[in-house]
Amino acid sequence: MSRPIGIFDSGYGGLTVFRSIAKLLPQYDYVYLGDNARAPYGNRSFDTVHQYTLECVEWFFRMGCPLVILACNTASAKALRTIQQHDLPRIAPEKRVLGVIRPTAEVIGSYTGTNSVGVLGTKGTINSGSYEIEINKFFPEITVHQLACPMWVPLVEYGEYKTEGADFFVRKYLDELLTKAPDIDTILLACTHYPLLTGLIEKHLPAGVKTISQGPIVADSLADYLQRHPELEQAITRTGSMRFYTTDDTADFDNHASTFFGEKVRSELAVIG
Ligand code: DGL
């Protein structure tokens, strides 16, 4: 029986993270799930994001996954801690669920020279304050300036991320952030959709300000985690397979997915709950 690594997102965005993980660690089996039927998660309450994420984590466990990565910032910010501390000990104490916030917070100090970092994400991620809390655990000297960019996910979802409309909303949020904190030298794209806007974002940034996408950071962190946890690593099967699931229309998923994943995918329908 296959025991793959589970990669979860509210929709397509986590494919940008999965892409980096599959490139770095191609030997493992993987199952990706996008909860497209209930996306976006970005504006939903703590309770709702927790409930949806937990249902999906339970689905991954039924699929045989010993390890699940929440490749979604909103789910990592609003559901991960409760799942790790409250749900896992009850439902599957031997399994592990990891997120994307801590691995990013651990390394961000090596990117900034001014100790002033911008964090852009969904309303849910930003309002949770998770990035500020986690970054300051590792780097108390860093000032974190956060801003929610609620228009960016819909622009990417609707394929409008290279248009004049996208250009307007990219400039709008960047201006707001950099006017508030002109000493920012590093901007973290703390949402799985934002790497698709990197070209436009970089066009509007002053020289010397760089962006960070999370895919390669999360992939490196996972490789390190598996090395430090050999018993878990050995529980994962290794035939290099990748299966894609969505809770909504599979044809729609397949049409969008290649933009995020960089190659064509064929998804299957997942029935949650
Ligand atoms: N994947 C989510 C994130 O990284 C963004 C999309 C959503 O709002 O569901 O925060």
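All values below were derived from every heavy atom in this structure, side-chain atoms included, with hydrogens, water molecules and symmetry-related copies excluded. Whatever order the structure lists them in is the order used to number ligands and atoms, beginning at 1.
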Original post:
Are the ring centres of H193 and Y12 closer than 6.0 Å?
Top reply: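 No; Y12 has its ring centre 6.0 Å or more from that of H193.
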Subject >> Ring center gap for F244 and F18 short of 6.0 angstrom >> reply: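 Centroid distance F244-F18: below 6.0 Å, so yes.
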Could you list each nitrogen or oxygen of ligand 1 that sits under 3.5 Å from a protein nitrogen or oxygen, with the atom names and the distance?
| unit_1 | atom_1 | unit_2 | atom_2 | d |
| --- | --- | --- | --- | --- |
| ligand 1 | 1 (N) | D9 | OD1 | 2.8 |
| ligand 1 | 1 (N) | S10 | OG | 3.4 |
| ligand 1 | 1 (N) | T192 | OG1 | 2.8 |
| ligand 1 | 4 (O) | N73 | N | 3.0 |
| ligand 1 | 4 (O) | T192 | N | 3.1 |
| ligand 1 | 4 (O) | T192 | OG1 | 3.2 |
| ligand 1 | 8 (O) | Y41 | N | 3.4 |
| ligand 1 | 8 (O) | G42 | N | 2.8 |
| ligand 1 | 9 (O) | S10 | OG | 2.6 |
| ligand 1 | 9 (O) | Y41 | N | 2.7 |
| ligand 1 | 10 (O) | T74 | N | 3.2 |
| ligand 1 | 10 (O) | T74 | OG1 | 2.7 |

Subject >> Distance-only donor-acceptor check, side chains H204 and D167, under 3.5 Å >> reply: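 Checked: H204/D167 side chains pair up, N/O donor to acceptor below 3.5 Å.
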Subject >> Between D29 and T237: side-chain donor-acceptor atoms closer than 3.5 Å >> reply: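 Side-chain D/A pair, D29 to T237: present.
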**OP:** Taking side-chain hydrogen bond (donor to acceptor under 3.5 Å, both in side chains) as the test, write out the residues that go with T211, two or more places apart.
**Re:**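 In terms of side-chain hydrogen bond (donor to acceptor under 3.5 Å, both in side chains), with neighbours along the sequence ignored, T211 is linked to E202.
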Original post:
Below 4.5 Å, heavy atoms only, C-beta onward: do C65 and K95 meet side chain to side chain?
Top reply: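 No; the side chains remain at least 4.5 Å from each other.
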